Amino acid sequence: MSDTIAADQLRLFIERIERLEEEKKGMADDIRDVYAEAKGQGYDSKTMRAIIRLRKMEKDARDEAEYLLDTYKAALGLA
């Protein structure tokens, strides 16, 4: 009896994960469509992705990353 219950519970977990994976794929498709729309309006999607990555960071981490980037650029004569 417990094998049946465990199997039913496992099946339910698997089905939930599969539904969530489908939703995730749908969201990824929607995000790709927004980038394509922005590109069609003349925006650079690579730069937009960089901005989004920066906005996800805490301010201190972002400041440190920008400082390091500036330091490395200066060291390489790119500043």
Side-chain angles (χ1 to χ4, degrees):
M1 171 105 176
S2 66
D3 289 340
T4 302
I5 293 171
D8 288 343
Q9 188 178 37
L10 177 60
R11 182 181 48 74
L12 290 173
F13 282 130
I14 297 297
E15 288 173 355
R16 281 174 56 195
I17 292 168
E18 289 172 340
R19 280 193 302 275
L20 290 168
E21 288 290 341
E22 281 299 314
E23 289 177 26
K24 184 169 75 171
K25 182 187 177 305
M27 292 178 107
D29 291 343
D30 291 345
I31 290 169
R32 190 173 20 260
D33 290 346
V34 172
Y35 278 115
E37 183 180 346
K39 187 175 183 176
Q41 296 290 323
Y43 294 98
D44 182 66
S45 60
K46 186 175 179 180
T47 303
M48 290 175 60
R49 289 178 193 276
I51 294 294
I52 290 170
R53 202 169 34 254
L54 288 171
R55 287 172 53 109
K56 287 181 184 179
M57 298 171 75
E58 296 289 330
K59 182 179 178 353
D60 291 341
R62 186 174 56 241
D63 290 345
E64 181 179 353
E66 289 175 357
Y67 172 78
L68 286 172
L69 181 61
D70 290 342
T71 301
Y72 288 10
K73 286 170 38 179
L76 297 171
L78 298 173

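The model shown is predicted, which means the values in this text are computed figures rather than measured ones.
Note: Leu76 CG to Thr71 OG1 = 11.0 Å, rounded to the nearest 0.5 Å. Annotation: the span from Ile51 atom CD1 to Tyr43 atom OH amounts to 12.5 Å, rounded to 0.5 Å. Note that the CG atom of Asp30 and the NZ atom of Lys25 stand 10.0 Å from one another [nearest 0.5 Å].
Arg11 meets the side-chain hydrogen bond (donor to acceptor under 3.5 Å, both in side chains) test with Glu15; sequence neighbours excluded. By the side-chain hydrogen bond (donor to acceptor under 3.5 Å, both in side chains) test, Asp70 pairs with no residue at all, sequence neighbours left out. Taking the side chain to side chain contact (heavy atoms under 4.5 Å, CB included) definition, one finds that Met57 meets it with Leu54, Ala61, Arg62, Ala65, sequence neighbours left out.
Glu66 CD: more than 12 foreign heavy atoms inside a 6.0 Å radius.
A salt bridge links Glu21 with Lys24: the closest approach of a Lys/Arg side-chain nitrogen to an acidic carboxylate oxygen falls below 4.0 angstrom.
What you find for Ala74 and Ala79 is that their closest heavy atoms are CA-CB, 3.9 Å.
Note on Ile31: it clusters hydrophobically with Ile52, by side-chain heavy-atom contacts below 4.5 Å among ILVMFWY residues.
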